[in-house]
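In what follows, chains are A, B, ... by sequence order, proteins preceding strands, each numbered from 1. Given the structure is predicted, the values throughout are model-derived calculations rather than measurements. Excluded from the calculations below are hydrogen atoms, water molecules and symmetry mates; all remaining heavy atoms, backbone and side chain alike, are included.
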Amino acid sequence: MTSKPLKNFLLLTPLGISLLLVAFASDGLFGDLSNYHLHIWMDAFLGFSYLLIAGALIYFVRAREDVKFTFFFILFSIFNIITAIFHFFDMFSPYWGSPSIDLLVKSLTAVVSVMTSLFVWRSIPFAISVPSPELLDKKNRELLELNIQLEKLAVAKSQDSSQLDSIFNSTGDAILLKNPDGIVINCNKSFTELYGYTKEEIIGRSVKDLVPADKYDQLHKIMSNLRKGKTTYSLETYGIKKDGTRCAISLTVSPIYSSDRKIIGASSIARDISSRIEFEKKLSDNEQLMKTVIQSVTTGILSVSERGVITLTNSSLNNMFGYEPGELIGQKVEVLVPKRYRDSHPIYRQAFWRKPENRQMGAGRELTGVRKDGREFPVEIGLAPIIHERNEVLASVIDISERRFAENYLLQEHDTIKKVLELNTDGWWDWDLRNPKTVYFSPSFKALFGYKDREISNEYASWKQLTFNNEFEEIEKNLQLHLMTDGKHPFHQKIRYKHKDGTSVWTICKGMAFKGESGCFERMIGVHFDISKEIKLDSDLQRTNRELQLRSDEMEQFIYTVSHDLKSPLVTSMSFLNFLREDLEAKKYDEVEDSAIELEKALKQMRSLIHDILEVSRLGTVKLLREPVNLTHLIDNIVQKFMDNDSTIPTRITVQRNMGAVEGDPKRLSALFENLITNASKYNKRKDVKEKTIDVFSEIKNQEYRICVRDNGPGIHAKFHTKIFELFHRLDTKVEGTGVGLAIVAKVAEQHDGTAWVESEPGRGSSFWVSLPMTRKVTIGNDDAVNKRIRNTENLAH
Amino acid sequence: MQLIRESETLKILLIEDDNAHAKILSRTIQSGGHTNYIERATDGEEAFSLLNRLHHQGPLALPDIILLDLKLPKISGIEILRQLKDNKKFCFIPVIILTTSNAQKDKSLAYQLNANSYLVKPDNPNELKIMVSDLIKYWGTWNQTVELLNHRESHAN
C-alpha cells in the first residue's frame with residue numbers, strides 16, 4: 001500500500017465509522033438535538049479523534065523506517081483504537097444500558113492505558129534524545145558545512161592529499177575526528193587496530209563509548225573546554241576497547257576550525273602507552289629495589305656530584321663516618337677526607353672527570369677516611385661514574401681497618417721470621433711450591449756467594465745456576481724425596497755453591513716443606529749454614545796430614561840414610577882402630593900409617609855429615625827471613641871465602657856484575673850458592689882441561705829471576721838430573737861428600753818459591769840453575785789469600 | 001871321582017863403593033887363614049862387566065859368593081840383586097847382602113828378590129870377624145853341597 005491511499009484510508013475510515021455509528025445511535029441524522037444527542041456526538045467525535053490518532057501513528061511508523069520502539073507506537077495505537085471503541089460504546093449505552101459490557105470495555109481500556117503509560121515513561125530518555133527536527137536540521141547543515149570544508153581542504157591539498165591520507169592511515173597513533181557533540185565522524189587505521197572497532201562501526205557513535213565511565217567527567221570537561229575555545233589538550237588516560245578492556249593512552253585533543261574560525265569538531269590523537277607505563281612501573285620498581293639494596297649493603301655508598309657535593313649516602317656510610325642519616329647530603333665530599341689531603345682532593349676529582357670510568361680510587365696509594373669525630377681509618381674506594389644530564393660519581397667505600405690490621409700483623413710476623421732467619425742463618429730461601437718457579441732468596445743467601453740482592457733473580461733457575469754441574473741433580477732428587485715422603489725424609493743437604501769470584505762455598509742446607517690449609521705442601525723454607533770454615537779446617541787437616549805424611553816419609557828416609565851413612569864411618573873407624581891395635585901388638589908397622597889415614601877420613605866424614613845434617617834440619621825449622629839480597633854482592637863473598645879455603649885448586653871463577661837484588665833469606669841463599677860453587681869445583685876432576693872454570697850469571701825469563709852456576713866439569717847423565725837433588729844421594733863416592741849439598745840447594749830454592757835444576761851432558765860441563773820469582777807474594781798472615789788457595793785446592797780436589 | 005873339591009880357596013866378589021869398607025872386609029876375610037881370592041867392584045856396572053868377563057873364562061871362573069852392599073851410587077844394591085837373580089848365568093851364585101842398614105824394608109825386599117842372606121855390618125870388629133868366618137864356612141861349601149846332593153839324586157834314579 002502506498003502512503004497516499006493509506007493516508008486516505010486512515011483519514012476516511014474513522015470518519016465513516018463515526019458517522020455510521022451516530023446514525024445508528026440517534027435513529028436518524030440531525031434528529032432531536034437534545035442533551036442525549038449531544039452525548040452521542042461528543043462520543044463520536046472523541047472516537048473519531050482517537051482512531052485518527054491511531055491511524056496517524058500507524059502511518060508514521062509505516063512511513064519512517066528508522067523509528068525505533070515500534071512496539072511502543074503499536075501499543076499506543078492499540079490504546080487509541082480501544083479508547084475510540086470505548087467512546088463508540090458510550091454512544092450506545094442509553095440504548096443497551098448493559099453495565100457488564102461497559103465495565104468490560106472500561107477494564108480493557110484501563111489495562112491498555114496502564115501498559116501504554118508505563119511504556120511512555122520508559123521511553124522518555126529516548127524521547128529526550130531524539131533531536132528536534134530544527135536541531136537535526138541545524139546539525140545537518142553543519143555537517144554539510146564540515147563536509148564542504150573537508151572537501152575544500154581536500155581540493156586545496158589535492159596534490160598531497162593522498163600523502164596526507166597515507167600519513168593519516170599509516171601513523172601509529174590512533175586518530176579520531178568527532179563533531180563538537182562527540183559523535184565520531186572519521187578515524188584512521190591505527191584507531192581501528194587500537195580499539196578493535198571497524199571504521200563503519202564507530203562512525204556516528206559517541207566518543208563516550210570509547211571512554212570509561214569514570215572518565216566521563218573528564219571527557220565532558222574537555223569537550224566543553226574545547227567548545228569554549230581551548231586549543232589543545234594533552235593528557236594520559238584510559239580508553240575502552242570494543243571488547244571492553246582498558247588501555248593506557250596518551251591523548252591529544254585539538255579543535256577543528258572551519259574557515260570562519262568556528263569550531264566544527266575535534267581531532268583526538270591517541271597513542272598506546274601501555275608498554276611505556278609498564279616499563280615505567282618496572283623502572284620505578286627497580287629504583288625502589290636499588291634504593292633498598294643501597295641502604296641494606298654493608299659497603300658504604302655515596303653519590304657525589306661533579307662539583308663534589310654529596311647527593312646520596314647509605315646508612316653504612318653514615319655509620320662508617322659517624323654521621324646522622326641525611327647529615328652529609330649537600331656537604332662537600334672533602335669532609336670525609338683527612339685535612340692534610342683536602343686541598344689536593346679536588347684535583348683528583350677533576351682528574352677523574354677528565355676520564356670517567358669504573359676504577360679503584362687511589363691507584364696504589366693508601367686511602368684514609370676521616371670520621372666526624374676526627375678519627376682516621378684506612379679505606380678502599382671504588383668509583384663508578386653515572387653520566388646523564390647531571391654527572392655524578394657513585395663511590396663505594398669499604399673500611400679496611402681490620403684487614404689492614406691483619407695484614408700488618410702478618411707482615412710483622414713475616415718480618416720477625418725474616419729477621420730471625422737472617423740473624424741465625426747464613427742465608428735462606430722461601431720456595432712457593434704452588435708456583436714452583438719462584439723462590440725467594442734472602443739477601444744474606446745471595447751475599448754468601450758475593451752477590452748483591454738484585455744480582456740474582458728470585459727464580460728456581462737461579463738456584464741451579466749457583467750450584468755446580470751435576471750436583472744439582474742430587475739436590476732435586478732429595479727435594480722430591482722430601483716432598484714425596486710427606487716430609488719424613490729430611491732435606492738435609494751438603495751443597496756446594498759457586499762464589500762470584502769462582503771459588504766454592506760449602507753449605508749445609510736444612511729444608512722443610514709446610515702444608516697449607518688445603519693439606520698440600522705450599523711452601524718450603526731452606527736455611528743455609530756456611531761450613532766453608534769447617535771444610536777449610538778439614539782440608540787444612542788433610543793438607544797437614546799429607547804434609548805430615550811427607551815429613552814422616554822424609555824423616556824415615558833421613559833416619560835410614562843417617563843410620564847407614566853415620567854407621568858406615570863408624571864401622572870403618574872401629575875396624576881400623578882394631579887393625580891398628582892388632583898391627584901394633586904384632587909389631588907390624590907397614591899398615592899403621594894407612595889405618596890411621598882411613599881412621600881420620602872416616603872421622604872427617606862423620607864430622608861433615610853431622611854438620612850437614614844439622615844444616616838440613618835447620619832449614620826446616622828456622623824461620624825464613626825476607627829481605628832484599630844483592631846477588632852479586634852475596635856471590636862475591638862466597639867466592640872470596642872459597643878462594644881463601646881452597647886456594648890450592650886452580651879454579652877461575654867469574655861472577656856477573658850487577659845481577660840485581662832478590663827478596664829472601666841471605667844466609668840460606670848464601671848456603672845455596674856456596675854448595676853449588678863448591679860442587680862445581682869438587683867434582684871437576686877432568687884431566688883434559690887446563691883450568692877449572694866456574695861462571696855465575698843471571699837472566700830474566702817468564703817473570704823469574706834465573707841464576708846459573710856453570711862449570712866445565714865432567715857433566716852428568718840426564719837420568720841422574722833429578723836424583724842428584726835427593727838427600728844423601730851421591731853419584732861419585734870417591735869424592736868426599738855427604739849427599740846433602742844439592743838437597744840443601746833444592747830445599748832453599750823451594751822455600752823461596754823457586755826451583756833448582758841442572759842442564760848437563762857427560763863431557764860438556766854442567767849448568768846448575770836456580771829460579772826465584774821476581775814478584776813474590778807475601779803469603780803469610782793473609783787470610784783471604786789463604787782461603788782462596790784453600791778453595792782452589794778444593795776445586796782441584798773435587 | 002872327587003866330589004868335594006880339595007881346594008879351600010874361595011873366589012869372592014865384593015861389590016862395595018866405600019874403599020875403607022872394602023879394605024876392612026878384605027883383611028877380615030883373609031885373616032881367617034884361608035887363602036881366599038877377593039875381587040872387588042865399586043858399583044853395579046863394574047860388577048857386571050867383571051862377571052861377564054869371568055863367565056867367558058868358564059863356569060869355574062865365576063865367584064863362589066857375591067858380597068853386595070846396598071847403598072851404592074848409580075845403580076842401587078837392590079837393583080843389582082834383581083839383575084843377578086834374573087840372569088841365568090849368575091843366578092845360582094849365592095848373594096849375601098852385607099850392609100850397614102838394618103831397615104826392615106830393605107831386608108824383606110832383599111829376601112823377596114832371592115837374596116841368599118842378609119847381614120848387617122856390625123860396628124864391633126870381633127863380631128865382624130866371626131860373621132865373616134861363619135859366612136865363608138857355610139857359603140864356601142854351598143856349591144859343593146849342592147853338587148853332592150845332585151849326584152846322590154842322579155844315582156838314586
Worksheet item: Do you know which of B:D18, B:D123, B:V120, B:N124 makes side chain to side chain contact (heavy atoms under 4.5 Å, CB included) with A:V571?
Response: B:D123
Is it true that, when you exclude [X] itself, more than 12 heavy atoms of the residues, nucleotides or ligands shown sit nearer than 6.0 Å to its [atom1]?
X: B:K89; atom1: NZ; result: yes
X: A:E593; atom1: CD; result: no
X: B:R40; atom1: CZ; result: yes

Worksheet item: Which of residues 104-117 of chain B get closer than 4.5 angstrom to chain A, counting heavy atoms alone?
Response: B:K105, B:D106
Practice prompt. Under 4.5 Å heavy-atom distance to chain A, tell me which part of B:L128 shows up: side chain, backbone, both or neither.
Written response: side chain
Discussion item. Within the 4.5 Å heavy-atom criterion, are B:K23 and A:D594 side-chain neighbours or not?
Written reply: yes
Response to the item:
Ordered numerically, the heavy-atom neighbours of chain B under 4.5 Å found in residues 572-582 of chain A are A:T572, A:M574, A:S575, A:F576, A:N578, A:F579, A:E582
Indicate every side-chain donor-acceptor pair of residues 762-770 of chain A with a distance under 3.5 Å to a residue at least two apart or in another chain.
from	atom 1	to	atom 2	distance (Å)
A:S766	OG	A:S760	OG	2.9
A:W769	NE1	A:E759	OE1	2.9

Output a table of donor-acceptor pairs, distance under 3.5 Å, between side-chain atoms of residues 70-81 of chain B and any protein atom two or more places apart or on a different chain; print 'none' if there are none.
from	atom 1	to	atom 2	distance (Å)
B:K71	NZ	A:D565	OD1	3.4
B:K71	NZ	A:F728	O	3.3
B:S76	OG	B:E79	N	3.3
B:E79	OE1	B:R82	NE	3.4
B:E79	OE2	B:Q83	NE2	3.4

